[in-house]
Amino acid sequence: MILQMNNIKKSFDDLEVLKDISMQVDSGEVVSVIGPSGSGKSTLLRCATFLETIDSGEISYMGKSAVTTGADGKTEYVSHRDLAKVKQYFGLVFQQFNLFPHYSVLKNIMDAPVHVQRRPRDEVREEAMELLRKMNLENRADAYPCQLSGGQQQRVAIARALALKPEILFFDEPTSALDPELTGEVLKVIRQLAEEKMTMVVVTHEMPFARAVSNRVVFMDKGVIVEQGDPEEVFGNPKEERTVQFLRNYQR
């Protein structure tokens, strides 16, 4: 098991966004998280990657605890140093790419492995160029983000996340900022990673993609997991009325 989240709760002021959510992700698994806007999908990802602090619950990666909740109800995160080690286990690809605009494509990919992981520059460069070849972007190594299409920028963002050699990759609606033509480029890359057994959690509105690529689909609404299971079961024979309603609305 790579990720374990138990009894996660998260509120913003009086708004309870995550209500006692538990979820695990095993090695090689592709989990798609679907649901209406405001259901808590992105907040769940942000809590899993420590961009948000949880109010209560437990999170661990590769059996190493990152945050626990004591008997007094208070959450306790591990030390900054230990948390930095846990963060090495995952990569995150954002909706808006989040590339450094003043860095070339190659420098965007190489920066963290060289300066955070302290790996040899020549080795990192070779691996970065191989990732660019994989993304069909080897001829754009010296370009800057502003010179790329949205689909190209998102593929660079995926290469940057992969350069850190994570155990698991998180995608937060990776195609929501792209037009339909460019969406296909990015989904093709994620599909290829799935075929290579890369462990991934994908928050997405792309239902045909989720059905085709995932090992498991999680449907969230109003801060809870309503239903989860095999994609063909969830999409073809949903058990919960709320899931039926959501998919019916989506397919109109």
Evaluate whether atom NE2 of His102 has more than 12 neighbouring non-hydrogen atoms of other residues, nucleotides or ligands under 6.0 angstrom away. yes
For Leu247 and Val234, work out which heavy atoms get closest and say how close. CD1-O, 3.4 Å
Assess the residue pair Leu106 and Arg125 against the criterion (side-chain contact (heavy atoms from CB on, under 4.5 Å)); give the C-alpha distance rounded to whole Å, side-chain angles, the decisive distance to 0.1 Å, and a yes or no. CA-CA 8 Å; Leu106 187 60; Arg125 182 185 175 86; 3.0 Å; yes
Inspect the surroundings of CD in Glu196 and state if more than 12 heavy atoms from other residues, nucleotides or ligands are less than 6.0 Å away. yes
Can you establish whether the number of heavy atoms outside Glu126 located under 6.0 Å from its atom CD is more than 12? no
Do Lys64 side-chain atoms and Val86 backbone N/O form a donor-acceptor pair below 3.5 Å? no
Do any N or O atoms from the side chain of Glu233 and from the backbone of Asp230 form a donor-acceptor pair under 3.5 angstrom? no
What are the two closest non-hydrogen atoms of Gln152 and Leu148, and how far apart are they? OE1-CA, 3.4 Å
Are side-chain heavy atoms of Ile54 and Val67 found at a separation under 4.5 Å? yes
Measure from the side-chain N and O atoms of Thr175 to the backbone N and O of Leu178, and report whether any donor-acceptor pair falls under 3.5 Å. no
Donor-acceptor check, side chain of Lys10 to backbone of Thr53, threshold 3.5 angstrom: yes or no? yes
Quick one: are Met129 and Arg133 in side-chain contact, heavy atoms under 4.5 Å? yes
More than 12 heavy atoms of other residues, nucleotides or ligands under 6.0 Å from CG of Asp72: yes or no? yes
Do the non-hydrogen side-chain atoms of Gln154 and Val189 ever get within less than 4.5 Å of each other? no
Quick check against the 3.5 Å criterion: does Ser65 have a side-chain atom that pairs as donor or acceptor with the backbone of Ser60? no
Without swapping roles, check the side chain of Gln153 against the backbone of Leu99 for a donor-acceptor pair under 3.5 Å. no
Asp172 (side chain) donor-acceptor with Gln95 (main chain) under 3.5 angstrom: no
Given the rule in the side-chain contact (heavy atoms from CB on, under 4.5 Å) test, do Arg46 and Thr43 qualify, once you have shown the distances and angles that lead to the verdict? CA-CA 5 Å; Arg46 290 178 66 82; Thr43 300; 5.5 Å; no
Is any side-chain heavy atom of Val226 less than 4.5 Å from a side-chain heavy atom of Phe246? no
For a side-chain contact (heavy atoms from CB on, under 4.5 Å) check, start with the C-alpha distance between Asp26 and Asn215, then their side-chain angles and the critical distance, and finish with the verdict. CA-CA 10 Å; Asp26 295 325; Asn215 303 106; over 6 Å; no
Student check: side-chain heavy atoms of Phe97 and Val156 closer than 4.5 Å: no
Going hydrophobic residue to hydrophobic residue with side-chain gaps under 4.5 angstrom, can you get from Val116 over to Tyr89? no
Atom pair CD (Glu16) and OG (Ser11), whose distance is rounded to the nearest 0.5 Å: 4.5 Å
Is there a donor-acceptor contact under 3.5 Å from the side chain of Lys41 to the main chain of Met220? no
I want to check something: taking the side chain as every heavy atom from C-beta on, are Leu44 and Met5 in contact at a cut-off of under 4.5 Å? yes
When rounded to the nearest 0.5 Å, the distance separating CG of Leu137 from CZ of Arg155 is 4.5 Å
Give the minimum heavy-atom separation between Pro174 and Ile190, together with the two atoms involved. CG-CD1, 3.9 Å
Does any N or O in the side chain of Thr69 come within less than 3.5 Å of the main-chain N or O of Gly57, such that one atom is a donor and the other an acceptor? yes
Going by heavy atoms in the side chains, are Arg160 and Asn98 under 4.5 Å from each other? yes
Minimum side-chain heavy-atom gap Glu173-Gln96 below 4.5 Å: no
Kindly say whether Tyr144 contributes a backbone atom to a donor-acceptor pair with the side chain of Gln147 at under 3.5 angstrom? yes
Could you walk me through whether Phe171 and Val186 satisfy the side-chain contact (heavy atoms from CB on, under 4.5 Å) test, starting with their C-alpha distance in whole Å, then the side-chain angles of each, then the deciding distance to 0.1 Å, before giving a yes or no? CA-CA 11 Å; Phe171 293 85; Val186 174; 5.9 Å; no
Using a strict 4.0 Å threshold on nitrogen-to-oxygen distance, state whether Arg216 and Glu29 make a salt bridge. yes
Determine the interplanar angle of the Phe90 and Tyr61 rings, folded into 0 to 90°, and report it as parallel if under 30°, tilted if 30 to 60°, perpendicular if over 60°. tilted
